[in-house]
Amino acid sequence: MSKVRVRFAPSPTGGLHLGGVRTVLYNYLFAKNKGGDFIVRIEDTDQTRFVDGAEQYIFDCLKWCGIEPDESPLHGGNYGPYRQSERKEQGIYQQYADQLIKEGHAYYAFDTPEELEQIRKKIPNFQYNQHYRVAFGLRNSLSLPENEVSNLIEKGTPYVIRINIPKDIIISLKDMIRGEVSFDSWQIDDKVLLKADGMPTYHLAVVVDDYLMKITHAFRGEEWLPSAPVHVLLWKYLFGLDKMPEWAHLPLILGPSGKLSKRDGAKYGFPVFAMNWFDPKTNELTEGFKEKGFLPEAFINLLALLGWNAGTEQELFTKEELIEQFSIDRVHSGGAKFDYEKAKWFNHEWIKKSGTDSYKLQAKAIFEANGITITDDAKFETILSLVADRCTLIPDFYTQAIFFFKTPETLDADAVKPKWTEEKKIFFTEWIDKLQLIGNWELVTLEDNFKELATAKNIKPGELQLPFRIMLVGGKFGPPVFVIAAAIGKEETIKRIKNALQQF
RNA sequence: GCCGCGUUGGUCAAGGGGUUAAGACGCCUCCCUUUCACGGAGGAAUCACGGGUUCGAAUCCCGUACGUGGUACCA
């Protein structure tokens, strides 16, 4: 059997959303599981929708996810070029369109978009298909006499090439996820294959490029299923069904209310794109998982599990484990609703199981953006690991650890006041004096010292711990108090106690 | 409208003729901790509906409903 080759074929029109990344991921996992190649092909046949920077953005996202293409416009390869606009320049698509015309599987159509628009208005369910192609004044090489057709072409009349869908046949295909799927040809329309500007449409381009690039398995979103019969026909006419890749139409990822849109992100407060995307056309910024504080390991893990599972109870997978265990027949056929709570759980788990290396840079950047300069990296990492259990998203490190670097601005006095007594106040006042005398400022010393004085004052140490915490942290959270005191140092600890005493 | 695809707790899901219908997220209770988490123990909550087939259906078949996609010289 020939080497497995799969492709991800995005069009550079904007951000890469969850569904797109999952499609890439399944492509990639499938290929790597089979020791095959993963190819990225840019489908930029619609020049009106081209967005500057979108292509680079897609590669940036893949890189962040840890998905490295074997072939692409950026990575090179033996089946280039990998941009359809460049392939069009080489006349690749035209020749196949011509072949189809010659063999009677396609025809010229001279109707302008405006004319078709008019017809659609008149006939509600109009389709350019076998029922209408020689009626309603449609002008094409099936309805017009031969000499008029050649006349129009000679005069340079713009035309498109449409596929000639045969009558009364059943077109079926085997989908790796859904099994046999079939369509009646009477309801399939004669899709445009080559546009008036000479560019192929997706329909012609996928088939031709998948053939030329020797793609063995084609994964795409479920939204392509209705046009699959057109592709099957094209394969049959052009290259033979025995050469056709195996298809897999992936289920959709849904949002809280129906299909997932980038609007859902703003509406429900979760990212839908892999990375921040700034659309130069609309000046709109759409938030990404990366910037929201997700670890790439968690991101691909949660996406992989949205529609696939190993059949075991394992939910946390490294990329390597996913590659090893991925199998297409464990992919669901039904759409999955994206659950942000579960997504956060995945990230939380990954933060807990990863070392500080995987998030320290991003965490550091957040501290510095908030005006905190990190001078001691080793200490910074120690602090990060101290609070990691409490962090779901990377920015949480800031809120969970800021008090290590800065005196809290406000103290949650309400947490202390109800049980605050004159005795406790005296305790802390005297403790300051004792602290001044401590030579080796260490966890055990501090804790012993604290308990000693508490016992002497006949107060339970536990009753003093919460006030002490509020003094140092400002609120009811964080690692053990003495760990904090040890970390921030003598001077700062005393300063915070004094400061708090004035407020309680 | 027509066509395609889908439907197991709120969400992700295992199970594919006989199970007390796994597990995870979230929610609730308790334990641990005189903080918050982590960790641990419990709890509430599900086979869309209606017909078949069968001794027996969440599982097979047919309808219906609902969801979702397509119906462009967009991908």
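Fair warning: this is a prediction, and the values are worked out from it, not measured in the lab. Both backbone and side-chain heavy atoms feed into the values below; hydrogens, waters and symmetry mates do not.
The residue V181(A) sits close only to the backbone: its heavy atoms come under 4.0 Å of sugar-phosphate atoms, none of a base.
Both W186(A) and H203(A) lie near RNA chain B, and the one whose nearest nucleotide falls closer to the 5' end is W186(A).
Between the CZ atom of R178(A) and the C1' atom of rG16(B) there is a distance of 18 Å, given to the nearest Å. Here rA72(B) presents its C1' atom at 10 Å from CG of D46(A), a figure rounded to the nearest Å. One interatomic measurement links the two molecules: CG of D190(A) to P of rA72(B), which rounds to 12 Å at whole-angstrom precision. The distance from atom CZ of F477(A) to atom P of rU34(B) is 19 Å, rounded to the nearest whole Å. As rounded to whole Å, 18 Å separates atom P of rU71(B) from atom CD1 of I119(A). The distance between atom CZ of F338(A) and atom C1' of rC12(B), rounded to the nearest whole Å, is 11 Å.
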Report all interatomic pairs (protein N or O, nucleotide N or O of nucleotides 7-9 of chain B) with separations under 3.5 Å.
none

Identify each atom pair where a protein N or O and an N or O of nucleotides 26-28 of chain B are less than 3.5 Å apart, giving names and distance.
none

Extract from the structure each pairing of a protein N or O with an N or O of nucleotides 61-68 of chain B at less than 3.5 Å, listing the distance.
none

Please list, for nucleotides 40-48 of chain B, all pairs of protein and nucleotide N/O atoms separated by less than 3.5 Å.
none

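Geometrically, R133(A) does not engage Y128(A) in a cation-pi contact, judged by NZ or CZ lying under 6.0 Å from the ring centre and within 45° of the ring axis. Geometric assessment of K417(A) against the ring of W420(A) yields a negative cation-pi assignment under the 6.0 Å and 45° thresholds. A cation-pi arrangement, defined by a distance under 6.0 Å to the six-membered ring centre and an angle within 45 degrees of its axis, is absent between K352(A) and W350(A).
Using P as the reference atom, rG52(B) and rG26(B) are 44 Å apart when rounded to the nearest Å. rC49(B) sits 15 Å from rG67(B) when the C1' atoms are compared, rounded to a whole Å.
Between D189(A) and K191(A), at least one side-chain nitrogen of the basic residue sits less than 4.0 Å from a carboxylate oxygen of the acidic one, meeting the salt-bridge criterion.
Counting distance only, with no hydrogens placed and no angle test, the side-chain atoms of R390(A) and the base atoms of rC36(B) include a donor-acceptor pair under 3.5 Å.
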- prompt: Which string of ( ) [ ] | and . matches RNA chain B, if you list each base 5' to 3' and count Watson-Crick or G-U pairs only when both distances are under 3.5 Å?
  reply: (((((((..(((.....[....))).(((((.......)))))....(((((..]....))))))))))))....
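Counting only heavy atoms from C-beta outward, the side chains of I300(A) and F317(A) never approach each other to under 4.5 Å. At least one side-chain heavy atom of Y108(A) sits less than 4.5 Å from a side-chain heavy atom of F110(A). Side chains of H17(A) and R22(A) form no contact here, defined as non-hydrogen atoms less than 4.5 Å apart. A 4.5 Å side-chain heavy-atom check between T45(A) and Y202(A) finds every atom pair outside the cut-off.
Annotation for K419(A): atom NZ does not count as buried by contact number, only 12 or fewer foreign heavy atoms lying within 6.0 Å. Within a 6.0 Å sphere centred on CD of E180(A), heavy atoms belonging to other residues, nucleotides or ligands number more than 12.
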Report, one line per pair, each donor and acceptor closer than 3.5 Å where one atom sits in a side chain of residues 334-341 of chain A; sequence neighbours left out.
unit_1: D339(A); atom_1: OD1; unit_2: E341(A); atom_2: N; d: 3.2

